**Q** 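Can you read through this structure? Questions will come right after.
Both backbone and side-chain heavy atoms feed into the values below; hydrogens, waters and symmetry mates do not. The structure displayed is predicted, hence computed values, not measured ones. Throughout, protein chains are lettered first and strands after them, A, B, ... in sequence-line order, and every chain is numbered starting at 1.
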Protein chains: 2
Amino acid sequence: MDTAVPISTGDKLCAPECLPESCRNCSVRHLAICAALNTTEMVELSGIASFQELQNHDPITSEGEVADSVFNVTAGAVELYKLLPDGRRQVTGFLFPGDFLGIAMNERYSYSSEAVGNTRLCRFPRKKLEAMLDRMPQLERRLLSMASNELIQAQDQMLLLGRKTAKEKLCSFLLNLSKRAASRGEDPSVVHVPMSRSDIGDYLGLTTETVSRNFTQLKTKGVIRLLEGGMVHLPDLERVRELAEEA
Amino acid sequence: MDTAVPISTGDKLCAPECLPESCRNCSVRHLAICAALNTTEMVELSGIASFQELQNHDPITSEGEVADSVFNVTAGAVELYKLLPDGRRQVTGFLFPGDFLGIAMNERYSYSSEAVGNTRLCRFPRKKLEAMLDRMPQLERRLLSMASNELIQAQDQMLLLGRKTAKEKLCSFLLNLSKRAASRGEDPSVVHVPMSRSDIGDYLGLTTETVSRNFTQLKTKGVIRLLEGGMVHLPDLERVRELAEEA
DNA sequence: GGGCCGCTTTGACTTGTATCAAGCGTGACG
DNA sequence: CGTCACGCTTGATACAAGTCAAAGCGGCCC
């Protein structure tokens, strides 16, 4: 699975041309941690990055394992999850292009994670990235702000898990995917849902069957339309928002 | 409610004596954000702090309100919560002495919060604290590490809310209180539970009645003993851990 | 001391979601 | 081109937790 390949090694003082191709073409530069950096710093960062291409279900991290890498998702999707001793599973989050994997950790990963469909990652050795933090306070500031946002999202998810009904959960989930698509500049009324029903269930604290039944009901009521290739059409976002019980 | 009182105004170059009394006597200095600072910095920090004394249910922050203060809990307890439009409530966390309130926020508070019982807070104007961050990178580092730990806890709470049974939830909750008591140097087998059954229910995604019934069952099985003044005795922590399904 | 108020406990009943169990489609592969 | 496997859907039934209701239990104030 580890098809890691070094990206080049820029160490000059630097114009945009110094950046490796994979960074210059990167479609999520303005979203990822890279957004906090100037070109010189980007070159330094790219020097410690390696690139990784994954397929559905390829593992990325394993709960309890020593955390020596952090990642940026550049294409595809990733799911984070935790397991109980008897196998019950909770998906704690999905990551999409531009999202960062590795803020929440001590010496060891606190969750497992794997690719959802074909996925590309940018991998950074954690020690080296941390060393860079000392010299780039704005990078640290950015990580703090990302952590803060993740915490806010986590609180929303607790509200969902603890207090929402199955239908509200599903609508919140679709709405969330829609918002994130919008923030990546995509059409918010057509969302890509690359994960399986059981992944969704494990994310929402439901079973596969309940997820499926509620999809059917939403379809019947005309709230959603299932398209080809895991795309879902949301013709009336306001309606979805109401069903999700969001302010 | 706002009985804020300035703490003094040290601005010298400084020995421990420069610290205001309330800081010198503070029992949570080694836990709070203050732990990252030397005396000089502490004096500066204490210069922007004010001190607040609250009673049960006194509000601290309100979801959606402009976030101009952050807080350190120095005594008592605080609960954070979010509401759905129809009044359903999810408690997203409890804070105890040494805990920090205000990592997870943008321009506005993302949750409401109130005192649980008699509580004391150290309040910092957010803008001033942020200004200090520029000059004290180790403070920023500390906040990042606190945020990271909160995220890990949030993920554990998602696992609890999404996948655990009522009894497992309650045992996990008690175990968590026990761990936190231990980290403050208290006896882990006697935990203080200052919050009501319905607060606990709103934290665990259960109703008051279910919490109460499960307390009774645990009592009957001898796993817990209810003492005076909201204290709970856990004679066999290993047993609680098993019932909580924790590794 | 009596009565009121808020919180907790207990009981009887309901219900949303889980569980168990088939079917259905589609894509992979011999 | 069959059949095998896997993910999705649908149906029948079970059960954990929710709801509704009422009875304890202090604490507090008049």
**Q** Measure from CZ on A/Phe215 to C1' on D/dC8 and round the result to the nearest Å.
**A**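 Value for this atom pair: 11 Å.
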
**Q** Between B/Ser172 and B/Lys164, is there a side-chain donor-acceptor contact under 3.5 Å, judged purely by atom types and distance?
**A** yes

**Q** Using heavy-atom distances to pick each residue's nearest nucleotide on DNA chain D, tell me which of A/Arg197 and B/Leu206 is more 5'.
**A** A/Arg197

**Q** Please check if the side chain of A/Asn106 supplies one atom and the backbone of A/Arg108 the other of a donor-acceptor pair under 3.5 Å.
**A**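 Checked: no pair found.
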
**Q** For residues 221-233 of chain A, which side-chain N or O atoms pair as donor and acceptor with protein atoms under 3.5 Å away, sequence neighbours left out?
**A**
{"residue": "A/Arg225", "atom": "NE", "partner": "A/His233", "partner atom": "ND1", "Å": "3.3"}
{"residue": "A/Arg225", "atom": "NH2", "partner": "A/His233", "partner atom": "ND1", "Å": "3.0"}

**Q** Going 5' to 3' along DNA chain C, which are the first and last nucleotides with any atom under 4.0 Å from a heavy atom of chain A?
**A**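 The footprint of chain A covers C/dT17 to C/dC20.
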
**Q** For DNA chain C, produce a single dot-bracket line, 5' to 3'. Pairs: Watson-Crick or G-U wobble, both distances under 3.5 Å. Symbols: ( ) within strand, [ ] crossing, | other strand, . unpaired.
**A** ||||||||||||||||||||||||||||||

**Q** Regarding A/Ser69 and A/Arg123, do their side chains bring together a donor and an acceptor under 3.5 Å, going by distance alone?
**A** yes

**Q** Holding to salt bridge (charged side-chain N to carboxylate O under 4.0 Å, His left out), I want the full list of residues that pass it with B/Lys167, two or more places apart in sequence or in another chain.
**A**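 Not a single residue meets the salt bridge (charged side-chain N to carboxylate O under 4.0 Å, His left out) criterion with B/Lys167.
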
**Q** Base, sugar-phosphate, or nothing: which does A/Gly230 touch, judged by heavy atoms less than 4.0 Å apart?
**A** nothing

**Q** I'd like to know if B/Arg126 and B/Asp68 make a salt bridge, using a cut-off of under 4.0 Å between side-chain N and carboxylate O.
**A**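 Salt bridge absent between B/Arg126 and B/Asp68.
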
**Q** Can you tell me how far C1' of D/dT10 sits from CD of A/Gln217, to the nearest Å?
**A** 12 Å

**Q** What is the distance, to the nearest angstrom, from the CD atom on B/Glu228 to the P atom on D/dC25?
**A**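 About 15 Å, once rounded to whole Å.
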
**Q** Taking only heavy atoms on the protein side, list every residue of residues 80-94 of chain B lying under 4.0 Å from any atom of DNA chain C, sorted numerically.
**A** none

**Q** Suppose we screen for salt bridge (charged side-chain N to carboxylate O under 4.0 Å, His left out). Which residues come up paired with A/Arg213, at least two apart in sequence or across chains?
**A**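 Checked A/Arg213 against salt bridge (charged side-chain N to carboxylate O under 4.0 Å, His left out); zero matches.
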
**Q** Applying salt bridge (charged side-chain N to carboxylate O under 4.0 Å, His left out), can you list everything that pairs with A/Arg180, at least two apart in sequence or on another chain?
**A** A/Asp99

**Q** Given B/Leu159, which of B/Arg163, B/Gln155, B/Gln157 fulfils the side-chain contact (heavy atoms from CB on, under 4.5 Å) condition?
**A**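 Exactly one option meets the side-chain contact (heavy atoms from CB on, under 4.5 Å) with B/Leu159, and it is B/Arg163.
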
**Q** Look only at the side chain of A/Ser148 and the backbone of B/Ile103, and say whether a donor-acceptor pair between them is shorter than 3.5 Å.
**A** yes

**Q** When you measure from the side chain of B/Arg120 to the backbone of B/Glu53, do you find a donor-acceptor pair of N or O atoms at a distance under 3.5 Å?
**A** no

**Q** Taking side-chain contact (heavy atoms from CB on, under 4.5 Å) as the definition, give me every residue that meets it alongside A/Asn118, ordered by chain and number, with sequence neighbours left out.
**A** A/Gln55

**Q** With distance as the sole test, does A/Ser113 use its side chain to make a donor-acceptor pair with the main-chain N or O of A/Glu79 at under 3.5 Å?
**A** no

**Q** Taking A/Ala115's backbone N and O only, do any of them form a donor-acceptor pair with A/Thr119's side chain (distance below 3.5 Å, no angle check)?
**A** no

**Q** Under 4.0 Å between a side-chain N or O of B/Thr210 and OP1 or OP2 of D/dA16?
**A**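 Looking at the OP1 and OP2 atoms of D/dA16, neither is under 4.0 Å from any side-chain N or O of B/Thr210.
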
**Q** Calculate the interatomic distance between B/Asp202 atom CG and D/dA17 atom C1'; express it in whole Å.
**A** 15 Å

**Q** Can you list, in residue-number order, the parts of residues 161-176 of chain B that come under 4.0 Å of DNA chain C, counting heavy atoms only?
**A**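 Heavy-atom contacts with DNA chain C come from no residue of residues 161-176 of chain B; none.
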
**Q** Would you indicate what A/Gly201 reaches in the nucleic acid, counting non-hydrogen atoms under 4.0 angstrom: base, sugar-phosphate, or nothing?
**A**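 Counting heavy atoms under 4.0 Å across all strands, no contact is made by A/Gly201.
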
**Q** Which atom pairs link the protein and nucleotides 11-14 of chain D when you take only N or O atoms and keep those under 3.5 Å?
**A**
{"residue": "D/dG11", "atom": "N7", "partner": "A/Arg213", "partner atom": "NH1", "Å": "2.9"}
{"residue": "D/dG11", "atom": "O6", "partner": "A/Arg213", "partner atom": "NH2", "Å": "3.2"}

**Q** What contact category does A/Ser212 fall into here, base, sugar-phosphate, or nothing, at under 4.0 angstrom with non-hydrogen atoms?
**A**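 It contacts base atoms.
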
**Q** Could you check whether A/Ser196 gets within reach of a base, just the sugar-phosphate, or nothing at all, counting any heavy atom under 4.0 Å?
**A** sugar-phosphate

**Q** Just jot down the salt bridge (charged side-chain N to carboxylate O under 4.0 Å, His left out) partners of B/Glu245, sequence neighbours excluded, or say none.
**A**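 So B/Glu245 forms a salt bridge (charged side-chain N to carboxylate O under 4.0 Å, His left out) with A/Arg88.
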
**Q** Once ring pair (Phe, Tyr, Trp, His ring centres under 6.0 Å) is applied, what residue pairs with a partner in residues 171-191 of chain A remain, sequence neighbours excluded?
**A**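 Pairs touching residues 171-191 of chain A that pass the test: A/Phe173-A/Tyr203.
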
